[in-house]
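Worksheet: one structure, shown below.
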There are 2 protein chains.
Amino acid sequence: MTPQPDAARRTPLNRDRVLRAAVALADASGIDGLSMRSLAQELGVVPMALYKHVANKDELLDGIADIVVGEFAAPVGGTDWQADVRAQILAARGALLRHPWAARVIETRTQLTPGALAYLDALIGTFRAGGLSADLTHHAMHALGSRVWGFTQELLPAPPEVEGAQREAALREMAARYPHIAEIAAAAAHEDDTVVGGGGCDDQFEFEFALDVLLDGIARLHAAGWSSKTAG
Amino acid sequence: MTPQPDAARRTPLNRDRVLRAAVALADASGIDGLSMRSLAQELGVVPMALYKHVANKDELLDGIADIVVGEFAAPVGGTDWQADVRAQILAARGALLRHPWAARVIETRTQLTPGALAYLDALIGTFRAGGLSADLTHHAMHALGSRVWGFTQELLPAPPEVEGAQREAALREMAARYPHIAEIAAAAAHEDDTVVGGGGCDDQFEFEFALDVLLDGIARLHAAGWSSKTAG
DNA sequence: AGGCGAGGTGTACGCCGTACACCTGCCTTC
DNA sequence: GAAGGCAGGTGTACGGCGTACACCTCGCCT
């Protein structure tokens, strides 16, 4: 008989299996129960083996965050932008409720993952398809964003810090893949003429915009004599 | 000369000095740079000395969170509830910007600290003074809350798990100290007749309430042809 | 047959929070 | 003034963490 030390050896680890096991372990034991050591044990492997598939723990967290963000996707009808946005936001909330640890992990990511970019692009597309202007959409994204996850500060990914032609190519590729994000970014940059900051958003403005939308809405409900009884 | 080993001995540690040093260290080195060991070194003391003033690191984090929350307080005029709420929310945001690590720390606290309760009570009081109903105020707090900090889930503190008369006394004391919170809690509990949950809020309802206020507000701005140019 | 590279292993280091026993010097009480 | 208690600082040690680094062991390609 050829040596067959254990069944696990037959299907060797790969990045995907590692990440899925990490999600399962976090679901089962909470995020504090997810350590490189415990994950390795779950996979019947020595801790250092994981590092052949994941650079370090932070990259592991990036990976599991992206898996959860991948569950944010929601089918939308396209006839009513408001209902479609609502469905997409609630889908994201659903995923975060299924993985209670995920919100905190996502908030600590410093870079937007591909799945996050895809979700944002789709959400922006819904607003734009509804006829909202690029800059109103931009502010709407900020207003909604901090509610669902933590991108209060940096919605737009930081441009790669390589130089010259390579950087331009990377930007062009991103614009091709996420056209709506690119459009919003352009609108934000254009609007930002008055500010010195290089292409970023004015956080204070975005915060106050969302705050005022909420306060005005609450004031309107108050003026209308709103009560939870009347609204069902 | 009487023995005077070092100057630090003259003013012995106390809880307040420990907490203030922790805030300063977190401000300077980030929250990851704040360990019991580094904090002890900063105070010219051995790590275990801190445990005479703080039960464990979690209680240290509770303490520094409460210090930051203490900076949330804002003077309000009382003539315009909307402006007053705005000022109080922006004051909280200001404190969180001064201590960039604080939002994450506050979000991970499992219990509301006294400072947090005081802030919430004042904010609720502002709504109530403006004439808003208790239950609209309750929903407004949830809608605004997740924006500033992380109490998406549990605005109301979990009742102490001691039993009988002692528990009632604790509740009564809390009601006396934070009358507006007590009022809101009563309104929420009353509203919750249909739900089984013991006195908690319906998270899903609160989430959708805030979401709809935002979406309606955005739709209204869209219908009005809003643009950042027109709004200044 | 030879070797190379992907993937798993073993050991070790420096950090972390903190349990536990200890020491020290002031304050109270007689 | 002597005795004793106690608040507060110390020293050592343990188990956990992430992960650097050297190693081994296959299966595959030439």
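Values below: every heavy atom of this structure, side chains too, minus hydrogens, waters and symmetry copies. So that the names make sense, note that chain A is the first sequence line, chain B the second, and so on, each numbered from 1.
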Report task. With sequence neighbours excluded, tell me which residues meet salt bridge (charged side-chain N to carboxylate O under 4.0 Å, His left out) with A:Arg37. Result -> none
Expected list for residues 47-55 of chain B: side-chain donor-acceptor pairs under 3.5 angstrom, two or more places apart:
none

Query raised in the report: Atom CE of B:Met48 to atom P of D:dT12: distance rounded to whole Å?
Result: 14 Å
Query raised in the report: Contacts to DNA chain C from residues 52-65 of chain A, heavy-atom cutoff under 4.0 Å, which residues?
Result: A:Lys52, A:His53
**Report entry** For A:Arg86, all residues meeting salt bridge (charged side-chain N to carboxylate O under 4.0 Å, His left out), sequence neighbours excluded
**Finding:** B:Glu208, B:Asp212
**Report entry** Global bending angle along the helix from C:dA1-D:dT30 to C:dC30-D:dG1, which compares the axes of five pairs at either end, to 10 degrees
**Finding:** 10°
Requested in this report: Round to a whole Å and report the spacing from CG of A:Leu50 to C1' of D:dA20.
Outcome: 15 Å
Query raised in the report: In chain order, what residues pass the side chain to side chain contact (heavy atoms under 4.5 Å, CB included) check against B:Asp121, with sequence neighbours excluded?
Result: B:Tyr178, B:Pro179, B:His180, B:Ile181
Query raised in the report: Side chains of B:Asp27 and B:Trp101: do they bring a donor and an acceptor to under 3.5 Å?
Result: yes
Query raised in the report: Quick one: A:Asn14 CG to C:dG7 C1', roughly how many Å, whole number?
Result: 12 Å
Query - Residues which pass side-chain hydrogen bond (donor to acceptor under 3.5 Å, both in side chains) with A:Arg177, listed by chain and number, not counting sequence neighbours - result: A:Glu173
Query - For B:Gln41, all residues meeting side-chain hydrogen bond (donor to acceptor under 3.5 Å, both in side chains), sequence neighbours excluded - result: none
Query raised in the report: When you measure from every atom of DNA chain D, which of residues 28-39 of chain A have a heavy atom less than 4.0 Å away?
Result: A:Ser35, A:Met36, A:Arg37
Requested in this report: Sequence neighbours left out, what passes side-chain hydrogen bond (donor to acceptor under 3.5 Å, both in side chains) with B:Thr137? Give chain and number order.
Outcome: none
Query raised in the report: What residues, two or more places apart in sequence or in another chain, satisfy side-chain hydrogen bond (donor to acceptor under 3.5 Å, both in side chains) together with A:Arg98?
Result: A:Glu71
Query raised in the report: Listed by chain and number, what are the salt bridge (charged side-chain N to carboxylate O under 4.0 Å, His left out) partners of A:Glu59, not counting sequence neighbours?
Result: A:Arg15
